[in-house]
Structure formats: structure tokens, C-alpha cells
Protein chains: 2
Amino acid sequence: MGHAGAQDRPGGPGGTEPPDAPPAEAAPADGGAPAAGRAGRRPATTAAELARQALLIFDERGFDATTVDDIAAAAGIGRRTFFRYFQSKNDVAWGDFDAHLERMRAALAATPPQTPVLAALHRAILDFNTYPPSEADWHRRRMALILGTPALQAHSTLRYRRWREVVAEFVAERTGRAVTDLVPQAVAWAFLGVAVAGYEQWLTQPGAELTEILDRSLRLLVDGFAHSL
Amino acid sequence: MGHAGAQDRPGGPGGTEPPDAPPAEAAPADGGAPAAGRAGRRPATTAAELARQALLIFDERGFDATTVDDIAAAAGIGRRTFFRYFQSKNDVAWGDFDAHLERMRAALAATPPQTPVLAALHRAILDFNTYPPSEADWHRRRMALILGTPALQAHSTLRYRRWREVVAEFVAERTGRAVTDLVPQAVAWAFLGVAVAGYEQWLTQPGAELTEILDRSLRLLVDGFAHSL
DNA sequence: GGAAACAGTGACACTGCGTGCCACTAGCTC
DNA sequence: GAGCTAGTGGCACGCAGTGTCACTGTTTCC
């Protein structure tokens with residue numbers, strides 16, 4: 001659940017910057033973006049920029065009423081090229097979720113072994129969904145789109161799979177079970193469930209703080225539902 | 001999760017109306033023209049029969065490699081007619097899930113008020129997924145298809161929504177909360193999660209009993225995960 | 001400087017899902 | 001029979017996603 005929109009850029013620094021700043025000569029050795037140096041034609045845009053454009057149109061016109069042609073045209077690329085940046089129209093709403101997910105995996109792996117498993121997950125999921133204020137509004141709009149569009153709701157199941165894998169692998173590793181065992185899988189499914197429930201709750205409350213609601217939702221699971229009923 | 005394949009027959013009124021006695025032919029097997037009774041042309045087939053045919057082809061050729069034309073042709077109807085029985089190719093895999101779901105709602109509503117909420121859910125979900133041996137094999141194949149096909153996995157999220165509603169409504173009613181509150185929603189999501197985890201586990205174990213694995217999975221949640229870690 | 005290698009682009013054609021439209025068919029009642 | 005009614009299916013359309021292939025811009029090597 002949740003992720004920043006940041007992605008690596010080919011021609012310049014990453015983040016939320018305009019598409020192509022340096023047309024002639026790419027900035028030498030900027031950060032880690034390996035723009036110049038490689039052979040071949042430079043990409044016309046970036047996945048992050050494409051996702052940004054698409055989200056704007058989705059907001060304006062609705063997901064279903066927006067065609068891939070619309071997005072491609074707005075980004076100044078061909079329709080065929082769009083599908084080289086994203087596997088499907090659905091995927092564009094998520095941006096680069098996997099990269100963000102890697103950070104959660106790393107955070108979990110770095111948890112001290114004596115930390116209880118459930119507490120570690122609780123902590124990691126909250127961190128995973130903590131965003132700087134500058135991205136908060138962006139993130140909210142993205143999640144409102146995803147959780148409010150049936151086609152995206154359905155598709156999100158596939159994106160959540162890797163999220164569950166990360167959780168299940170952690171539980172398996174810490175409790176000496178196989179990843180495919182019932183317990184790690186059930187824990188992963190249950191955490192995903194309460195996280196989504198928290199997100200949905202958050203979206204119904206305009207001014208609310210995501211992490212706060214998420215914290216409440218996760219605690220229901222960690223403490224046991226019986227404790228709250 | 002889970003449901004029988006039974007559906008209303010064409011000769012009789014649909015949905016919750018009183019069933020009609022099929023005089024001539026009632027066998028869901030192929031061939032026979034269905035029973036009469038009302039004005040207008042008789043349906044060419046039934047949703048249940050169509051689903052049965054489709055599942056056979058999916059088993060043989062795979063979901064993605066099967067086109068709607070294939071299914072329609074096998075059932076002896078036109079492609080356009082197929083979409084009057086099912087909204088999408090995805091839906092055909094589920095058959096009439098909603099009718100089965102109504103029984104779970106009724107079972108929950110009939111639970112004695114003094115029964116603890118979690119115990120009532122535990123019981124109802126197990127009952128909901130208990131099938132007579134004659135349907136067991138059929139059910140397993142259906143669920144293997146659904147949980148093993150990405151397109152259906154994604155789509156199932158939309159079918160699970162009503163399932164979650166039933167659970168959330170029960171929790172809300174019994175605990176004096178609104179259905180939209182965090183607690184009923186989180187409980188519904190969490191139960192769905194562990195139920196799916198149980199199903200997935202069941203499918204990896206050829207000879208296993210569904211209710212038994214489901215029972216273990218649900219208990220993880222009811223007793224609290226901390227209890228098992 | 002020029003050729004070759006290379007990465008990325010976009011036009012075109014094709015399959016398949018889902019939908020609106022509409023004429024047609026088959027049952028019933030009067 | 002006529003008229004009503006419910007269901008059928010052909011046709012055309014829009015749109016997602018994919019394979020193919022010629023083209024374009026960039027670096028590297030001679």
C-alpha cells in the first residue's frame with residue numbers, strides 16, 4: 001500500500017521535475033541518473049512524467065473516459081510507446097510501486113531479531129505509508145482514484161501480491177516457516193486487508209491523517225479483534 | 001468465498017421469486033428445451049449451464065486462450081447472447097455467487113445474540129464453504145481456476161465486495177457501529193484475507209479438506225495471530 | 001569525419017472484450 | 001388469426017493490448 005511517485009529519469013535528476021531540461025548535452029554525473037553515456041536514442045519521456053500526466057487527465061475526465069490515446073497525446077508520445085512504459089492502462093495509476101516496496105523489504109530485514117513479528121510489521125507498514133507533506137495531496141488523489149475505480153480496484157489485487165510476498169517472507173524467515181505455509185500467508189493477507197480498510201477509511205475523512213487511521217486499523221489486528229469487540 | 005453452482009432455471013421466475021415446477025425437462029444436462037410458463041420466447045440456455053460449459057473449456061484450453069466466441073459456440077448460442085447471461089467473461093467463472101451469499105447473510109442473522117461476534121463469523125464462514133461431496137471436485141476446479149488466473153484473481157476483488165458487506169453489516173449490527181466504521185470494515189477485510197489464504201493453501205494440497213484448512217486459517221484470526229507466533 | 005552499433009520511437013495491422021442498435025423469433029393470451 | 005412479450009443474434013463500433021518493422025537519434029569505434 002502506498003508509494004512515492006518518484007522514479008529515475010533518463011536525462012536529468014529524478015522527482016517531480018519537468019520532462020526534458022537538457023536537450024543538447026545531458027548534465028554530467030548528476031546524482032545517479034545515467035543519462036548520457038549510453039548508446040542509442042534517448043527516451044522521449046519517463047514513466048514518472050507519464051504517470052503524472054495521466055493522473056491529471058484521470059482527475060479531470062475520469063479513468064474510464066480516458067483512453068490510452070488521450071494519455072499518449074498529452075505526453076507527446078505515440079500510443080505504442082505508452083505500452084513500453086506501462087504494461088497496461090491500469091498500471092499507470094500505480095507508478096513505480098515496486099521500487100517503493102523494496103524499501104519496506106529492506107526496513108523489515110533491518111528490524112532487530114528480538115522485535116516481535118507483529119510489532120515489526122506494524123512499524124514497517126506505518127513507515128511505508130508515511131509521506132512528506134509535499135506528496136500527501138498527490139498521494140491522496142492517487143489512492144482515491146485507485147480505490148474509487150472498479151477497474152483499478154480489481155487490478156490492485158495483482159499489485160498487492162508483491163506486497164504480500166514481502167510480508168510473508170519476513171514472517172516466514174522470523175518464525176522458521178516456509179513462505180508458502182499457511183501462517184505467513186494468512187498474516188500477509190490479514191495485514192493487507194486491514195491496511196486497505198484503513199486506506200478506505202482515510203479517504204472518507206477529508207482532513208484525516210493517514211498514518212493515524214492506519215495505526216488504529218493495524219492495531220486491531222496486532223492486538224486481536226476480540227480486544228476491541 | 002465459495003458457492004454452489006445452482007442457478008435459476010429459464011422456465012421459472014428468476015432471483016428470489018417462488019420456484020417454478022419444471023414439468024417436462026429439468027435436467028441441466030445439454031439438449032432439452034427448458035420448461036415453459038410465461039409469455040415470450042424461452043431462453044436458449046441457462047446461466048448455470050453456460051457456466052458449466054465454459055468451465056469445461058477453461059479446464060481444457062486455459063482461461064486466456066478461450067474466447068467468448070468459443071463458449072457461445074459450445075453452448076450453441078450467439079456471442080451477443082452470452083453477454084446477456086453474464087456481464088463479462090470473468091463473471092462466468094463465478095456463476096451465481098450472490099445467491100449463495102444470501103444464505104450466509106441469513107445464517108448470520110439467525111445467530112443467537114449471545115454468540116461472540118468472531119465465533120459467529122467463524123462458524124458462518126465454515127458453513128458457507130461446506131459442500132456436499134458431489135460438488136467438491138467441481139468446486140475445487142472452479143477455485144483453482146479463479147485463484148490461478150491473474151485476470152480472475154483481479155476480478156474476484158469485485159465479487160468479494162458483497163461478501164465483505166455481509167460480514168461488515170453483521171459486525172456493525174452486533175456491535176452498535178455504523179457499517180462504514182473502521183472496525184466492521186477492518187474485520188470484514190481481515191476475514192476475507194485469511195479465508196483466501198486458506199483457499200490458496202487448500203489448492204496446494206491435493207487431498208486436503210477445505211473446511212479443515214479454513215478452520216485453521218480463521219482460528220489464527222479469531223484467536224489472534226500473537227497466539228500462534 | 002564517417003560507419004556501425006544500439007536504444008528507443010511510432011505507424012500499421014490484428015485479436016478480443018464489451019456495448020448499442022435493431023430486426024427477427026418463438027412463446028403466450030385474447 | 002392479431003397482438004403482446006421476452007429472448008435471440010447479427011452488425012458495427014470503440015478501445016485495450018500485442019507483434020512487426022522501418023525509422024530516428026545517440027554513442028562508439030575505426
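Residue numbering restarts at 1 for every chain, and letters A, B, ... go by the order of the sequence lines. Side-chain atoms are counted along with the backbone in the values below, which use heavy atoms only and exclude waters and symmetry mates.
- Closest approach to the T67(A) side chain among dA7(C), dC15(D), dC17(C) is made by dC15(D) (side chain taken as heavy atoms from C-beta onward).
- R162(B) has no carboxylate O lying under 4.0 Å from a charged side-chain N of E169(B), or vice versa, which leaves the two without a salt bridge.
- Distance from the side chain of R79(B) is smallest to dC17(C) among dG7(D), dC17(C), dA16(D).
- The residue among R80(B) and R41(B) whose nearest nucleotide of DNA chain D is located toward the 5' end is R41(B).
- A tilted orientation is assigned to the rings of Y131(B) and H100(B), their planes being inclined by 30° to 60°.
- Between R42(B) atom CZ and dC28(C) atom C1' there is a gap of 10 Å when expressed in whole angstrom units.
- Regarding I71(A), its CD1 atom lies at a distance of 12 Å from the P atom of dC15(D), rounded to whole Å.
- Residue-to-nucleotide proximity on DNA chain D shows that, of S88(A) and G76(B), the 5′-proximal contact is made by G76(B).
- Remark: the backbone N or O of A151(A) is not paired with any side-chain donor or acceptor of T149(A) at under 3.5 angstrom.
- Heavy atoms of G78(A) sit under 4.0 angstrom from primed sugar atoms or phosphate atoms, though from no base atom.
- Between dG7(D) and Y85(B), no contact under 4.0 Å exists linking OP1 or OP2 to a side-chain N or O.
- Counting only N and O atoms by type, the side chains of T130(B) and D127(B) include no donor and acceptor under 3.5 Å apart.
- Atom-to-atom, CG of D91(A) to P of dA16(D) comes out at 14 Å; the value is rounded to the nearest Å.
- The interatomic distance linking D69(A) (CG) with dG14(D) (C1') rounds to 11 Å, in whole Å.
- You'll find that the side chain of I77(B) is closest to dG9(D), out of dG9(D), dT8(D), dT9(C).
- Between R84(B) atom CZ and dG10(D) atom C1' the separation is 11 Å, expressed in whole Å.
- If you look at W94(B) and Y160(B), their ring centroids are closer than 6.0 Å.
- Atom CZ in F63(A) sits about 14 Å away from atom P in dC15(D), given to the nearest Å.
- For the pair K89(A) NZ and dG14(D) P, the interatomic distance rounds to 16 Å; values are reported in whole Å.
- Counting any heavy atom pair closer than 4.0 Å across all strands shown, F82(A) reaches no nucleic acid atom.
- Taking only side-chain atoms of T81(A), from C-beta outward, the nucleotide of dC28(C), dG10(C), dA16(D) with the closest atom is dG10(C).
- The distance between atom CZ of F86(A) and atom C1' of dT9(C), rounded to the nearest whole Å, is 17 Å.
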